[in-house]
Structure formats: structure tokens, C-alpha cells
Amino acid sequence: MLQQTRVETVIPYYERFMHAVPNIEALAQLDEGRLLKLWEGLGYYSRAKSLQKAARTVVEKHGGVFPRDFDDIRRLPGIGDYTAGAIASICFGSPTPAVDGNVLRVVSRLIGCTDDIADSKVKSRFGTMLAKIYPADRTGDFTQSLMELGAIVCLPGSRAKCGLCPLAALCAANAEGTQSALPVKSGRAPRKKEQKTVFILHCGDLTAVRRRDKSALLGGLFEFPNAEGQLTVAEAAMQLARWGVQTETMSSGIRKKHIFTHIEWHRRVCAADVSIDVLPSGWVYLDESHALPTAYKVCL
DNA sequence: GTCCAGGTAA
DNA sequence: TTACCTGGAC
């Protein structure tokens, strides 16, 4: 859960999750719909699917006991270098760093490195360097101190608190006054823009939803029926007719933008009072069991 | 409104 | 390299 997500955001999810799914066997056997419901709103839903795959691997390959060896941990689905390093050093005393964004910033400044931290080679180079200086008796403290230094003291840009930093005397960036220029990071590719029309179809007290394709963005979660392009009122009416929906009233639609890392959805959201004799294949009426991603919750 | 942080997998 | 999500800072 903590991959890509702040601690404050995770805590209530973690509490609920551990109550509902208290051990590895329970997770290995959990229904996917319930799993996604527990993850609803947390984002990066493939993490939940990986977590369950990892639970199944632990049950099948490690006798239900979480492995202690870095390489065994690293092979579990959803666990990369960062998470494997964090678990192995914090839980099992292994000299394996967890190089997150904070640690990249701390090390870049400490050694005055101007290489682009978007390059994954930099991350592995820093990891190799750090592994050599790990204190054997306090591996977990060392991992956490590096991350905390970045989170609390070695803040991004001009917010760096060098006056409070225990490493200030050793730090190349501090000596050279280059803190705010480090780390160097290249920009990301521009996002693709997609136009869509979303229908909030009220059938009495009920609202129609359908499950998204498992392999798609937000795979396996639910969505409101929608179509490609920002449809005109006439086109929207035709789309509803094609679905076999009888429309009583329909709003002209409000424009909403939703931004993912790599895509922008420019959407027209139309609310309609309708009657539906036979639900189209795959449609259901929304209830509390359905995992609805934030991208669709905001349409309500 | 815009920008940005944050790991893994394919 | 690109796909994957949300929320907080500004």
C-alpha cells in the first residue's frame, strides 16, 4: 500500500484491510471483487492484485511463511528493489537499502551527483554504494534514517533544511550551495488526451454501472456507462437508444477533466432519468459491493 | 486550475 | 520506455 502512496492516506486502508484479511491464507483465498473493494480509492489497483499473487506464492512456495531472503522477497509479485530492500533490512537485518525518491535526493546532494535520477541506472548505482556502508547491527534503522532524512530535512528544492542536517558537514551540495538544483530529473512525456461522454443513468433509485475490462486502465473496477468522444445531445440520445435505454430526462452534461499520469480524460457527464427493461449485457445496478474508482466517483 | 511525488511490471 | 492512480502543494 505504501508504494506510491503517503502514510496518512494508507493508514485507514491498512486498518480496514488487516481487519478484513488478517493473514496470508485469508488473502490468498479472497474474492477479487472484495479485494478491489478494500482497495477502492487507493489507486494503482494492480498493487492489490500483485499482493494477492504474492500471498498465493508465499502459501504455495514458502509454506505460508514470508521469506527472509532478499532474493526470495524480490521474486514475489509486486515487490521490486525498493520494497524488497525495505522489508529485508527493516524486518530481517539484511544490508539492503530501499532507494525511494527521498533517498535519491539525499544521495544526489550528498555526493553532488548531477546525473538524471529518472535513469534507473542511477538508482541501482546508489543502492550499490549504500549497501557497502550499511551497519550490520542496525540495518532497519539505517534504511529508515535515510528515508526520514529525505522526508523531514533534505526536502525538495529550496525547502532543504541544511541547517538542521546531521550530514551537512559531509554534503557536497551543501558545500557548493547546489541543494536546490539537485537532484536533476528529466521531464515526463506529455499526456494523451481522450474525449469521453459518461452517463449517470438513474432508474428510479438505481444507477447503472458495468465492470471494466480486466486488462484495461482501472481493470476490474466498475464504471458508469460511457462512450468515446464528447457527444452532442442528439448523439447522446442515440447512444442511449442503442443500449435500449428509454430516456425521460437528460442533462446537457457538465464538463469534467480527470488527469492520470499518462492520460487526460476530458469528459462530458450526462445525468439522465431513464427506464430500462432489460439491462444490457454486463450492466448491473450500483451497490456498496462495487469498487468504483475515484475517476468515476467524481462524476456523481 | 496546474504541478508533482511516488515503485513495479510489461 | 511506457502504463498505471490519487491527493496534496501551490
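Each chain gets a letter, A, B and so on, in the order its sequence line appears, and its residues count up from 1. Computation of the quantities below employed the complete heavy-atom set of this structure, encompassing side-chain atoms and omitting hydrogens, waters and symmetry-equivalent molecules.
When the side-chain hydrogen bond (donor to acceptor under 3.5 Å, both in side chains) test is applied to A:Lys132, no partner is found at least two apart in sequence or on another chain. Remark: A:Arg211 engages no residue in a side-chain hydrogen bond (donor to acceptor under 3.5 Å, both in side chains) (not counting sequence neighbours). Take A:Arg255 and apply the side-chain hydrogen bond (donor to acceptor under 3.5 Å, both in side chains) test, not counting sequence neighbours, and it matches A:Gln230. Taking A:Arg125 as the reference, A:Asp115 meet the side-chain hydrogen bond (donor to acceptor under 3.5 Å, both in side chains) condition, with sequence neighbours excluded. By the side-chain contact (heavy atoms from CB on, under 4.5 Å) test, A:Pro183 pairs with A:Arg105, A:Ser108, A:Ile117, sequence neighbours left out.
Listed by first then second residue, pairs satisfying ring-ring contact (aromatic ring centres under 6.0 Å, His included) with a partner in residues 279-300 of chain A read A:Phe222-A:His290, A:Trp243-A:Trp283, A:Trp265-A:Tyr296, not counting sequence neighbours.
Through ILVMFWY side-chain contacts below 4.5 Å, A:Leu155 is grouped with nothing and stands alone. Other members of the cluster containing A:Ile259 do not exist, because no ILVMFWY side chain is joined to it at under 4.5 Å.
For DNA chain C, no neighbouring residue in residues 71-101 of chain A is found when judged by any heavy atom under 4.0 Å. A heavy atom lying under 4.0 Å from DNA chain C marks the following residues of residues 208-221 of chain A, by number: A:Leu217, A:Leu218.
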Distances under 3.5 Å between nitrogen or oxygen atoms of protein and nucleotides 7-10 of chain C:
none

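If you check every strand for non-hydrogen atoms under 4.0 Å, A:Gln3 touches sugar and phosphate atoms only.
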Under 3.5 Å, sequence neighbours excluded: what are the donor-acceptor pairs made by side chains of residues 197-209 of chain A?
from: A:Thr197; atom 1: OG1; to: A:Gly229; atom 2: O; distance (Å): 2.7
from: A:Thr197; atom 1: OG1; to: A:Leu231; atom 2: N; distance (Å): 2.7

